[in-house]
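For clarity, every value in this text was computed on a predicted model and none was experimentally measured.
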Amino acid sequence: MTGAVTTAGLRIWDAQAVRSALTYDAAIPVVRQAMAALSSGEVRQLLRSFIGLGEGRTFAIMPAALDRPAVFGAKLVSVFADGRGRKSHEGLVVLFEGEEGAPVCLADAGEVTAIRTAAASAAATDALARTGAARLAILGLGRQAEAHIEAISKVRDLREVRVWGRDAARAGAFADAVRSRTGLSVTAYAGAREAVAGADIVCTVSAAADPILEGGWVSPGAHVNLVGSSGPAQAEADAELVAMSRFIVDHREHVLVHGGEFLRAKAAGRVGDAHIAGEIGEVYARRLPGRTSAEEITVYKSLGHAVQDLACVAWLDGRRD
């Protein structure tokens, strides 16, 4: 279907319907506003809970309540890695209205997650990357890699996109497909270090358990989005990058518990909790400076939050502040 269907008063958005309606032009400002609300105390949100289902397999429950619009709900999602550097999100976002407490909307969580995650990185990139940033490096392949290219192209005029993945043949095919679809200059690189060299923006969107990005590879003035790792046992970047950067997070409380890159750097004695400069929502609300110099390396640690999912589904349902 191309739009939502309504059953017993409940609007249902399948993946195709979400994809058709929730464009990046819509999702980026929605996510930006949601993160500002989270950092301003206008959102009640619990730490996500996980149930392990075996190696590389997790069931997660992510609840939240928003003041504006007055909605609450949760994302119920499975995250399954395939052992080849890819992982999929499957599940549902359930939205309730805040007046009578009735469920009003169900949406495909995999599609909402894919779009809001890339939108969150694009919003952070817009706030933290240098204005003229034009060279993008993507470490990792698959849906989030493609989504990040599309989303970030909405906030910066990209002249060059570099992609890297452990499977060189797949990386080449991916670059060809994205180049054909978007018209952007997209090139596959044989090594992660080569892909990152001289890049203005770097995004890690892999299922790697251990670092694929080293701080020593990152150019002065670059901005980095750390996206792929969502639990304490995984880290896509090394402690050096964390320690050398202006480290801004999506939500401090969650990163102190689940931010793998930060936790490894802390365990190694490279940083303490005070190294977290602040939350991206504080930057959006103009309560915290983002980039403080042209040569500074900025990092945005993204874990993803229910407030992003619920805000996007509320937007789909026409509930807009």
Exam field: side chain [X] to backbone [Y], donor-acceptor pair closer than 3.5 Å:
{"X": "Glu111", "Y": "Asp108", "value": "no"}
{"X": "Asp317", "Y": "Arg319", "value": "no"}
{"X": "Arg11", "Y": "Leu106", "value": "no"}
{"X": "Tyr284", "Y": "Ala124", "value": "yes"}
{"X": "Thr23", "Y": "Ala26", "value": "yes"}
{"X": "Arg156", "Y": "Asp126", "value": "yes"}
{"X": "Glu100", "Y": "Ala102", "value": "no"}

Indicate if [X] and [Y] have the same hydrophobic cluster label, given that clusters are the connected sets of ILVMFWY residues with side-chain heavy-atom separations under 4.5 angstrom.
{"X": "Val224", "Y": "Leu128", "result": "no"}
{"X": "Val43", "Y": "Met35", "result": "yes"}
{"X": "Leu38", "Y": "Leu95", "result": "yes"}
{"X": "Val227", "Y": "Ile297", "result": "no"}
{"X": "Ile201", "Y": "Val218", "result": "no"}

Item checked: Check against side-chain hydrogen bond (donor to acceptor under 3.5 Å, both in side chains), Thr125 and Asn225 -> CA-CA 8 Å; Thr125 299; Asn225 297 305; 2.9 Å; yes

SB check [X] [Y] (cutoff 4.0 Å):
{"X": "Arg181", "Y": "Glu150", "result": "yes"}
{"X": "Arg291", "Y": "Glu296", "result": "no"}
{"X": "Arg252", "Y": "Glu282", "result": "no"}
{"X": "Asp309", "Y": "Arg116", "result": "yes"}
{"X": "Arg68", "Y": "Glu42", "result": "yes"}

Look up atom [atom1] in [X] and atom [atom2] in [Y], then write down how far apart they are to the nearest 0.5 Å.
{"X": "Leu303", "Y": "Leu226", "atom1": "CG", "atom2": "CG", "result": "10.0 Å"}
{"X": "Arg44", "Y": "Leu66", "atom1": "CZ", "atom2": "CG", "result": "8.5 Å"}
{"X": "Leu53", "Y": "Ile51", "atom1": "CG", "atom2": "CD1", "result": "7.0 Å"}
{"X": "Glu253", "Y": "Ile276", "atom1": "CD", "atom2": "CD1", "result": "11.5 Å"}
{"X": "Leu136", "Y": "His223", "atom1": "CG", "atom2": "NE2", "result": "10.5 Å"}
{"X": "Leu139", "Y": "Trp217", "atom1": "CG", "atom2": "CH2", "result": "8.0 Å"}

Minimum heavy-atom separation for [X] and [Y], please, with both atom names.
{"X": "Val30", "Y": "Cys312", "answer": "CG1-N, 3.9 Å"}
{"X": "Ala137", "Y": "Val196", "answer": "CB-CA, 4.2 Å"}
{"X": "Ala107", "Y": "Val18", "answer": "CB-CG2, 4.4 Å"}
{"X": "His148", "Y": "Ser121", "answer": "NE2-OG, 2.8 Å"}
{"X": "Ala209", "Y": "Arg264", "answer": "O-NH2, 2.9 Å"}
{"X": "Ala109", "Y": "Leu76", "answer": "CB-O, 4.4 Å"}

Item checked: Where at least one partner belongs to residues 17-67, residue pairs that pass ring pair (Phe, Tyr, Trp, His ring centres under 6.0 Å), sequence neighbours excluded ->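 Counting only pairs at least two positions apart or across chains, the ring pair (Phe, Tyr, Trp, His ring centres under 6.0 Å) contacts touching residues 17-67 are Phe50-His258.
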
Check: Looking at Thr187, Ile138, Ile212, which one forms a side-chain contact (heavy atoms from CB on, under 4.5 Å) with Trp164?
Finding: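 Checked Thr187, Ile138, Ile212 against Trp164; only one passes side-chain contact (heavy atoms from CB on, under 4.5 Å): Ile212.
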
Notebook entry, point to check: Other than Met62, what residues sit in its cluster of Ile, Leu, Val, Met, Phe, Trp and Tyr side chains whose heavy atoms are under 4.5 Å apart, directly or through others?
Noted result: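 Met62 shares its hydrophobic cluster with no other residue.
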
Next item on the list: Please name all residues satisfying salt bridge (Lys or Arg N to Asp or Glu O under 4.0 Å) with Asp176, sequence neighbours left out, ordered by chain then number.
Entry: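 Partners of Asp176 by the salt bridge (Lys or Arg N to Asp or Glu O under 4.0 Å) criterion, ordered by chain and then number, come out as Arg179.
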
Notebook entry, point to check: Quick one: salt bridge (Lys or Arg N to Asp or Glu O under 4.0 Å) partners of Arg130, sequence neighbours excluded?
Noted result: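 Salt bridge (Lys or Arg N to Asp or Glu O under 4.0 Å) check on Arg130 returns Asp200.
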
Next item on the list: With side chain to side chain contact (heavy atoms under 4.5 Å, CB included) as the test, would you mind laying out the steps for Phe247 and Val271 before giving the verdict?
Entry: CA-CA 11 Å; Phe247 196 78; Val271 300; over 6 Å; no

Notebook entry, point to check: Can you pull the side-chain hydrogen bond (donor to acceptor under 3.5 Å, both in side chains) pairs that have at least one residue in residues 234-247, sequence neighbours excluded?
Noted result: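 As it turns out, the side-chain hydrogen bond (donor to acceptor under 3.5 Å, both in side chains) pairs with a partner in residues 234-247, which skip direct neighbours, are Thr204-Glu236, Ser206-Glu236, Glu240-Arg270.
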
Item checked: side-chain hydrogen bond (donor to acceptor under 3.5 Å, both in side chains) contacts touching residues 48-64 (sequence neighbours left out) ->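 Checked against side-chain hydrogen bond (donor to acceptor under 3.5 Å, both in side chains) - neighbours excluded - no pair reaches residues 48-64.
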
Next item on the list: Would you please say whether a donor-acceptor pair under 3.5 Å links the side chains of Asp273 and His275?
Entry: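 His275 and Asp273 do not have a side-chain donor-acceptor pair below 3.5 Å.
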
Notebook entry, point to check: Is it true that the side chains of Glu261 and Ser229 contain a donor and an acceptor less than 3.5 Å apart?
Noted result: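 Result is yes, a qualifying pair exists.
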
Next item on the list: Start with the C-alpha distance between Val249 and Ile280, add both sets of side-chain angles, then the distance that settles side chain to side chain contact (heavy atoms under 4.5 Å, CB included), and finish with yes or no.
Entry: CA-CA 6 Å; Val249 302; Ile280 194 66; over 6 Å; no

